[in-house]
Amino acid sequence: MNTYAIRAIYYFELSRWFRTLVQSIASPVISTSLYFVVFGAAIGSRIATVDGVSYGAFIVPGLIMLSILTESISNASFGIYMPRYAGTIYEVLSAPVSFVEVVTGYVGAAATKSMLLGLIILATARLFVPFHIEHPLWMVAFLILTSVTFSLFGFIIGIWASGWEKLQVVPILVITPLAFLGGSFYSISMLPPLWQKITLFNPVVYLISGFRWSFYGISDVGVGISLAATLGFMVLCLVIIAWIFKTGYRLKN
């Protein structure tokens, strides 16, 4: 394992993130704060509790997960697309490093950014509503697992994208709607029976449900199912990435 190559890619990606720290941190934190103000004031005053948890505290895991999903994809996709766009991807491909080391560097940096952002939003949420975490170790585990999994997914998008506009297609038009419809702001048990069944086809439901369970011990689906669904998606992403490097699909375009 070429740890020097991994560290070089990892630190380079982190340094780029720190150069735009205000934009990278301020925008998600302000957006999350607005969600608390709008949803907490407008809806929270009408919904006292959800499954025994105050509405303001109930939406905390959903808001954190919403930010992590979008940021993981955006960070990882931009990280690998930029070398392709600038032509520096040839330096990476010609270096004596394996695809495992390349992916570890890029995905590791993107996942680290997402986890740091998630912790910052968690601290910000504390300023608005009181909440507790029943299973802190599981909370950290879900945070890491989700960040890594969707950073892998973002890495795939960054290779697939043939233009800057395509980098935003999946996060904005797919992930964000799925997160909003996946129980970020409500429990799917509040939906009519037919829509409850339809919602179960939304993969984000399992991520948010498992993450919320780590906070309050409540979930819309079984924790084991949530964990299995996330691990299954991670394995699928790893298989696709291995195929990309084996075939050279779009790496040099």
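Everything quoted here is computed from the prediction, not taken from an experiment.
Looking at residues two or more places apart in sequence or on another chain, you find no side-chain hydrogen bond (donor to acceptor under 3.5 Å, both in side chains) involving N75. Among residues two or more places apart in sequence or in another chain, the side-chain hydrogen bond (donor to acceptor under 3.5 Å, both in side chains) test is passed with S114 by S72.
In this structure, F58 has its ring center no closer than 6.0 Å to that of Y216.
Heavy-atom contacts from other residues, nucleotides or ligands closer than 6.0 Å to CZ of F12 number 12 or fewer.
T149 contributes no side-chain N or O that, together with a main-chain N or O of T146, makes up a donor-acceptor pair within less than 3.5 Å. Although no hydrogens or angles enter the test, the distance criterion places a donor-acceptor pair under 3.5 Å between the side chain of T176 and the main chain of P171. Between the side chain of E13 and the main chain of Y106, no donor-acceptor pair closer than 3.5 Å is present. At distances below 3.5 Å, at least one donor-acceptor pair connects side-chain atoms of N202 with backbone N or O atoms of L178. Although no hydrogens or angles enter the test, the distance criterion places a donor-acceptor pair under 3.5 Å between the side chain of Y206 and the main chain of L200.
Residues I188 and Q196 approach most closely at O-CG, 3.0 Å, considering heavy atoms. Across every non-hydrogen atom of R212 and G62, the tightest pair is NH2-N, 3.9 Å. Between Y81 and A161, the closest heavy-atom pair is CE1-O, 3.5 Å. Residues S74 and S77 approach most closely at O-OG, 3.1 Å, considering heavy atoms. Considering every non-hydrogen atom in both C237 and L152, the closest pair reads CB-CB, 3.9 Å. For F78 against P83, the heavy-atom pair with the smallest separation is O-CD, 4.5 Å.
Relative ring orientation between W213 and W138 is described as perpendicular, the plane-to-plane angle rising above 60° on a 0-90° scale split at 30° and 60°.
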Would you sort out whether I244 and W160 count as a side chain to side chain contact (heavy atoms under 4.5 Å, CB included), showing the intermediate values?
CA-CA 10 Å; I244 287 173; W160 163 79; over 6 Å; no
For side chain to side chain contact (heavy atoms under 4.5 Å, CB included), just list the numbers for F215 and I64, CA-CA rounded to whole Å, side-chain angles, deciding distance to a tenth of an Å, and then say yes or no.
CA-CA 12 Å; F215 277 73; I64 295 174; 4.2 Å; yes
Let's go through I240 and F153 carefully: what are the C-alpha distance in whole Å and the side-chain angles of both, what is the deciding distance for side chain to side chain contact (heavy atoms under 4.5 Å, CB included) to 0.1 Å, and is it a yes or a no?
CA-CA 9 Å; I240 294 174; F153 185 46; over 6 Å; no
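Note: the hydrophobic cluster containing I241 also contains W243 (ILVMFWY, side chain heavy atoms under 4.5 Å, direct or indirect links).
In this structure, R7 forms a cation-pi arrangement with Y4, its terminal cationic atom sitting closer than 6.0 Å to the ring centre and no more than 45° off the ring axis.
Atoms OG and CD1, from S184 and I208 in turn, are 3.0 Å apart once rounded to the nearest 0.5 Å.
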